[in-house]
2 protein chains.
Amino acid sequence: MSRAQTRGSRQGRAGIRDVAAAAGVSITTVSDALNGKGRLPDATRRHVREVADRLGYRPSAAARTLRTGKSGLIGLTVTTYGDEPFTFTEFAYFAEMARAATSAALARGYALVILPATSRHDVWSNVALDGTVVIDPSDHDPVVTELVRQGLPVVSDGRPAGTLPVTAWVDNDHEAAVLDLLDHLAAAGARRIGLLTGTTTDTYTRLSTTAYLNWCERVGQDPVYEAYPAHDPCAGAVAADRLLARPDRPDAVYGLFDPNGTDLLAAARRYGLRVPDDLLLVCCSESTVYATTEPPITTLSLKPRRIGTAVVQLLIDAIEGIENDGPVEQVIPTELIVRTSSQRRSPRTTVSPPRTPTQD
Amino acid sequence: MSRAQTRGSRQGRAGIRDVAAAAGVSITTVSDALNGKGRLPDATRRHVREVADRLGYRPSAAARTLRTGKSGLIGLTVTTYGDEPFTFTEFAYFAEMARAATSAALARGYALVILPATSRHDVWSNVALDGTVVIDPSDHDPVVTELVRQGLPVVSDGRPAGTLPVTAWVDNDHEAAVLDLLDHLAAAGARRIGLLTGTTTDTYTRLSTTAYLNWCERVGQDPVYEAYPAHDPCAGAVAADRLLARPDRPDAVYGLFDPNGTDLLAAARRYGLRVPDDLLLVCCSESTVYATTEPPITTLSLKPRRIGTAVVQLLIDAIEGIENDGPVEQVIPTELIVRTSSQRRSPRTTVSPPRTPTQD
DNA sequence: CGATCATGCAGAAACGTACCTGTCTGTCTC
DNA sequence: GAGACAGACAGGTACGTTTCTGCATGATCG
C-alpha cells in the first residue's frame, strides 16, 4: 500500500496489441516488422519500430519462448563438491571457464543460468533451457541424465565419465600434458619426480595419475605420490608436507590442483628445501599469483577460456541445428608456462647446506 | 488438417492435457493436485501425481511464466572492467559472492542468470527476470537503469553510486573497516602506514581512500599512497614497487585489492625488507593463499558469502512482496584475519642485517 | 424439511506472441 | 482487357499453463 508495489509490471507494460493499435496496423505486421520476418515496405517497418519505441514496448520473453520453443537460456551445470554448491573459489579454472562461456554465449544471443547439479528438482525443471553445459560430468548425475533423456543438447567440459550420451564434449589431452610436463622436469635435472594427486575418481585426476604412473614405468622410476581429497584446502597442505617428509623424498613435484603450488612451496620452506635448487615445482593452475611468488612457479594451464568458448559454440550449434560435420569431440591443447621453479640454475649459488630442516 | 497433429503426434513432452486424460480428471484438477492448490481429497491428489510421474510430465516453464508472471529467474549483473565480461578471476570476492548467492537463491526456488552489464540489449531483454542483483552499481549503467525503470526489483551489492533508486542494498562499512585496520597496524608498531589504492572512482575505492586520508589527518601522519588501475594485474606489481621505492618509504602497507598481498611481498623481497620485521602488511582479500604465503599475510575479509546471501534474501523478499519492516540498507561487518605479516615479532630473531638490497 | 454451505471437480478465459492462411489491392504480360 | 502474380497487410489459431467461475453433490442447521 505504502510502496509502489502494485503498479509494477502488471498493468503498465505495453503489449504487441497496443503497438498494433497505436501504429494503425495489425498484430502480424508489428511482429513481422520487429522481427524482420515478413515482406513489408521499409516505411512500415520504420513506423512500427518507432511506435514500439515510443510506447516502450518490450516483447514478453515468456510468450515468445512458449510460442517458439526457444528460450535463449543455457544451463551451466557444475558438479558439487562436499555440501557447497560448487567450487568457483577453489580453482580459478571454473571462474575463467565460466567467464569465457558467458562471453561466448552472449555474443550469440544466449544467456547462462547457473545450475548446480544438486539443485532441487523443481528449480531446474522450472527454467526453460535450450541446452546445457556440464562441467566435469559424472555418469550417475541425476540432473544431467534427466536432461539428456528429455532430448536437450548437452555439451560437457571434460569427456563424459560413463555411458552418458552427451551431444559433444571438449577436453584437454591430459595424458599428453602430463607426459610432456614430466619430460620437462626430467630435462631440468629431476631424478625422482613426485606427484600430488586427489582421492576423487573424476576423469581428470584419473587420467593424470595413470599418465604419471605410465611415465614412471617407462623411465624406470618408482612412483612417489600422495593423494588427498581435492576439495578440502587444508588437506592439500598436509599432503604436500607428507610428500616432502617421505624417506624417498622427490627432487621434483607436480601438483594436480591449483593451491598445490603454495602448499608445496610452504612445505619446501619448512624442510629447508630451496626451489628450484633442491626441489623443482610445477602445478596445474590458472591463477596469476604464481607469477609473483618467490620463486615464480611453473604452471600447466588447461586453457579454460578456450574450453569455455568451444563448449558454448558446440552447444549453440547443436541447438540451432547447425550441422557440425567435424567431430563432436574437441581437444584443446594445454600450455606449460615455464617459470623459475622448474629451471635448475647453475649450482654456483649453492652456499647454504641443502636439506637442513629449519624451524623458522 | 491440423487436427491430427494436435492430438496424435505429441512429439516430445506430455502436456497437462494428457495427464488429465490419462487420469480421468479435468485439467484443473491436475493443476491443483500438482501445485497443492485447490481442495482435493488426498486420494485424487495421489492418483494424479502418480499418473503424471508415469507419463514423465514436466510442466512447461514458459507457459507457467506467461500465466503467472513469475519466472523464478534472478539476474546477476556484473559491472564490466575493460573489455572482458567480468572479473571473476581477478578477485576471489566475486566468486565467493556468486557462490553464496546461487546457493541462497536455490534454497528459495530461484536460479541465477549471469548478465554482464554490457550485454546486448536484445539478450537481457529476452529473458524474463523476476528481479536483479547488481554488483557494484554505477549510476550510468544503462542496463540497470532500464531494469529499474521497468519496475523490476533491484538489490545491489555495494551502496548505489549516484541517484540509482535500487530496492535495497547490502554493503560493508568500508570506512570503519579501514580505520580499524589502520589502528591495528599502528598498535603493531607501524610509524608510517602506506596505502596501495586504485585509480577508479567506484565507491569501495573512494570510501577506503578517504578513510585512510582521514585517519592520517587524525593521527598526524603524512599520507603515503600509490594508485593504479585495479583491473590491470601487472600494474599492481609496478605500483607496489613504486610505493616501496619512495624516499618516505612506509613501514606498513595496506593494499585495497586482492593481488596486492603477493605484489607487496615480492616488492619487499626485492628491497630486502623482511615481513613483518621491516614492513607490516595487510591486504583486502578473500583468497586462501595468504594463509600459506611466507609469511602468512593478514587480510581483511569483506565476507562476500554473507553479502551474497543477504542480497538474494532481500531481493526475493521484494519479489514475493514480503514486507521487510527492517531497513532496506544492510551493513555486513568485515573481519580482519590477523596473520604473521601484521604482528611485529620480538627482535631476537633479527640476525641478518635489515634493508640490505639483494639481487636474489 | 427447505435453505445454507462446504466440498469436489469441470469449463473456459486469459497470458502475449508467432505464424499460417488467406484477402485485397495494384501492376505486368500477352 | 483479362488473367497472372506479387506485394502488403489482417484474421485467427495454437503454444501450455493457471485460475476464476460455476455446477453439482451431499451434509448441517434452524
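Naming: A, B, ... by sequence-line order, numbering from 1 per chain.
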Review point. Asn126(B) CG to dA18(C) P: how many Å, rounded?
Key: 9 Å
Practice item. Using only side-chain N and O atoms of Arg67(A), determine if any of them is under 4.0 Å from OP1 or OP2 of dG16(C). Key: no
Practice item. Using a strict 4.0 Å threshold on nitrogen-to-oxygen distance, state whether Arg159(A) and Asp171(A) make a salt bridge. Key: yes
Check your understanding: Roughly how many Å is it from CG in Leu40(A) to C1' in dC19(C), rounded to a whole number?
Key -> 13 Å
Practice item. Let me know the distance between CG of Asn35(B) and C1' of dG16(D), rounded to the nearest Å. Key: 13 Å
Review point. Between dC9(C), dC19(C), dT17(C), which nucleotide gets closest to the side-chain atoms of Lys37(A)?
Key: dC19(C)
Revision key, fill the gap. Here the distance between atom P of dT21(C) and atom CD1 of Ile27(A), to the nearest Å, is 19 Å
Point to revise | Rounded distance (Å) that lies between atom P of dA8(D) and atom CZ of Arg45(A) | key: 9 Å
Study note, to complete from the structure: In whole angstroms, the gap separating P of dC9(D) from CG of Leu34(A) amounts to 14 Å
Check your understanding: If you measure only the distance, is there a donor-acceptor pair under 3.5 Å linking the side chains of Thr29(A) and Ser26(A)?
Key -> yes
Point to revise | 5'-most by nearest nucleotide on DNA chain C - Arg39(B) or Leu66(B) | key: Arg39(B)
Point to revise | Pair Lys70(B) + Glu320(B), salt bridge at N-O below 4.0 Å | key: no
Review point. Does dG16(D) have OP1 or OP2 sitting under 4.0 Å from an N or O in the side chain of Ser60(B)?
Key: no
Study note, to complete from the structure: Winner on side-chain proximity to Pro41(A), out of dA8(D), dT17(D), dT17(C), is dA8(D)
Exercise for review: Return yes if some donor-acceptor pair links the side-chain N/O of Ser71(B) with the main-chain N/O of Ala128(B) below 3.5 Å, else return no.
Suggested key: yes
Exercise for review: Measure the distance from NZ on Lys70(A) to C1' on dC19(C) and round it to the nearest whole Å.
Suggested key: 16 Å
Exercise for review: Select base, sugar-phosphate, or nothing to describe what Asp32(A) touches, counting heavy atoms under 4.0 Å on all strands.
Suggested key: nothing
Check your understanding: Do any side-chain nitrogens or oxygens of Thr29(A) fall under 4.0 Å of OP1 or OP2 in dA8(D)?
Key -> no
Exercise for review: Ignoring backbone atoms, establish whether Ser31(A) has a side-chain N or O less than 4.0 Å from OP1 or OP2 of dA18(C).
Suggested key: yes
Check your understanding: Do Thr44(B) and dG8(C) share a donor-acceptor pair, side chain to base, under 3.5 Å?
Key -> no
Check your understanding: Does the distance from a Lys or Arg side-chain N to an Asp or Glu carboxylate O, for Arg108(A) and Asp317(A), drop under 4.0 Å?
Key -> yes
Point to revise | Of the listed nucleotides dA8(D), dT17(D), dC9(C), the one nearest the side chain of Arg17(B) | key: dT17(D)
Study note, to complete from the structure: When rounded to whole Å, the CG to P distance for the pair Asp42(A) and dC9(D) reads 11 Å
Check your understanding: Could one point to a donor on the side chain of Thr28(B) or the base of dT19(D) with an acceptor on the other under 3.5 Å away?
Key -> yes
